[in-house]
**Q** 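Sharing a structure below in structure tokens format, with a few things to ask.
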Amino acid sequence: QMSARTRNIFEATGVISVVVGLLLVAYQINQATNIASAQARADYTAAWRALDSTRQSENFAEVLAKSIYHPDELTPAEILELDAYYIGIMDQLQSAQANWRAGIRRSHWQTAVDFVVRYRFENGFARSWWSLKKERYTRTGSDGEQLVAAMDAAITAATNQITGEWVEDLASATMLKRLP
């Protein structure tokens, strides 16, 4: 026969095992919910990106270059193309944020913001676009507010016109390789 003390130990061990099992199940359900939410957001965003991509022409690279070097010469149609482009970038940042929160993305979403600001938001047109559009992102709750704060901080910390300098440096390097 088992002593009362031994029986109590077995019962306590059983209860602890059940509680730990329930906690693991709850954690897995939470992770699955986060992943499903991130996937749903990605699917939703993809549909909007498909729609926005219809606003970009085959010559979009020229429009983008014009926004960097001659933003005062942009036509209304080109501005609409650029609007779709920057909305797409912001969609990607929101996805990075959602995926990080869901545990899918390993690096913090802030690294995506820093990259995007350095290579996509360091020109006058992009910054003007951001100052006009950022309010819509604050209306999406605390994630939106955090994203806006991160974008604002990265833009404030960045130096001006890096995008243009990067394009010029790349063009110079490419031209040097073409020389005999």
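Note that the numbering runs from 1 along the sequence shown for the chain. Any value given below was found using the heavy atoms of this structure, including those in side chains, with hydrogens, waters and symmetry copies removed.
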**Q** Run the side-chain contact (heavy atoms from CB on, under 4.5 Å) test on Gln97 and Gln110 for me, step by step, so that the C-alpha distance in whole Å, both residues' side-chain angles and the decisive distance to 0.1 Å come before the verdict.
**A** CA-CA 8 Å; Gln97 190 179 38; Gln110 178 70 48; over 6 Å; no
**Q** Quick check: do Tyr137 and Met90 have side-chain heavy atoms less than 4.5 Å from each other?
**A**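 Of all side-chain heavy-atom pairs linking Met90 with Tyr137, at least one is under 4.5 Å.
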**Q** So do the side chains of Met151 and Val117 get within less than 4.5 Å of each other, counting heavy atoms only?
**A**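 Yes, at least one pair of side-chain atoms sits under 4.5 Å.
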**Q** Locate the shortest heavy-atom distance separating Trp100 from Ser107; write the atom from each residue and the value.
**A**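 Heavy atoms of Trp100 and Ser107 come nearest at CD1-O, 3.3 Å.
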**Q** Regarding Asn99 and Trp109, is there a side-chain donor-to-acceptor distance under 3.5 Å anywhere?
**A**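 Note: Asn99 and Trp109 side chains miss the donor-acceptor criterion.
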**Q** Examine Leu24 and Ile16 and state if one hydrophobic cluster contains both, with Ile, Leu, Val, Met, Phe, Trp and Tyr joined whenever side-chain heavy atoms are less than 4.5 Å apart.
**A**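 Yes, Leu24 connects to Ile16 through the hydrophobic network.
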**Q** Parallel under 30°, tilted from 30 to 60°, perpendicular over 60°: which one fits the rings of Phe121 and Trp130?
**A**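 It falls in the perpendicular class, over 60°.
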**Q** Minimum heavy-atom separation for Phe125 to Ser67, with atom names?
**A**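 Nearest heavy atoms, Phe125 then Ser67: CB-O, 3.7 Å.
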**Q** CD1/Ile87 to CG/Asp83 distance, rounded to the nearest 0.5 angstrom?
**A**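 Here the interatomic distance stands at 4.0 Å.
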**Q** Give the minimum heavy-atom separation between Leu74 and Val63, together with the two atoms involved.
**A**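 Minimum heavy-atom separation between Leu74 and Val63: CD2-O, 4.1 Å.
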**Q** What are the two closest heavy atoms between Leu64 and Leu82, and how far apart are they?
**A**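 Leu64 and Leu82 have their closest heavy atoms at CD1-CD2, 3.9 Å.
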**Q** Establish whether Leu132 and Val148 are linked, either directly or via other cluster members, by ILVMFWY side-chain heavy-atom contacts under 4.5 Å.
**A**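 Looking at the clustering, Val148 is in a separate group from Leu132.
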**Q** Does Thr111 reach the side chain of Arg105, with side-chain heavy atoms less than 4.5 Å apart?
**A**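 In short, these two side chains touch, coming nearer than 4.5 Å.
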**Q** Rounded to the nearest 0.5 Å, what separates atom CZ in Arg120 from atom CG in Leu93?
**A**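 With rounding to 0.5 Å, CZ (Arg120) is 11.0 Å from CG (Leu93).
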**Q** Would you call Gln92 and Val116 a side-chain contact if the rule is heavy atoms closer than 4.5 Å?
**A**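 When only atoms from C-beta onward are counted, Val116 and Gln92 do not touch, as no gap falls below 4.5 Å.
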**Q** Looking only at heavy atoms, what is the nearest atom pair of Glu145 and Thr138, with distance?
**A**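 Of all heavy-atom pairs spanning Glu145 and Thr138, the closest is CG-O, 3.8 Å.
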**Q** Say you draw a straight line from CZ of Arg139 to CD of Glu135; how long is it, rounded to the nearest 0.5 Å?
**A**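 One finds 5.0 Å between CZ of Arg139 and CD of Glu135.
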**Q** To the nearest 0.5 angstrom, please state how far the CZ atom of Arg127 sits from the CG atom of Asp152.
**A**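 One gets 10.5 Å once the value is rounded to the nearest 0.5 Å.
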**Q** When you look at Glu78 and Lys66, which way does the side-chain contact (heavy atoms from CB on, under 4.5 Å) test go after all the steps?
**A** CA-CA 9 Å; Glu78 291 168 334; Lys66 190 176 185 182; 2.9 Å; yes
**Q** Taking all non-hydrogen atoms of both residues into account, name the closest pair between Ala154 and Val113 and its distance.
**A**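 Shortest heavy-atom separation between Ala154 and Val113 comes out as CB-CG1, 4.2 Å.
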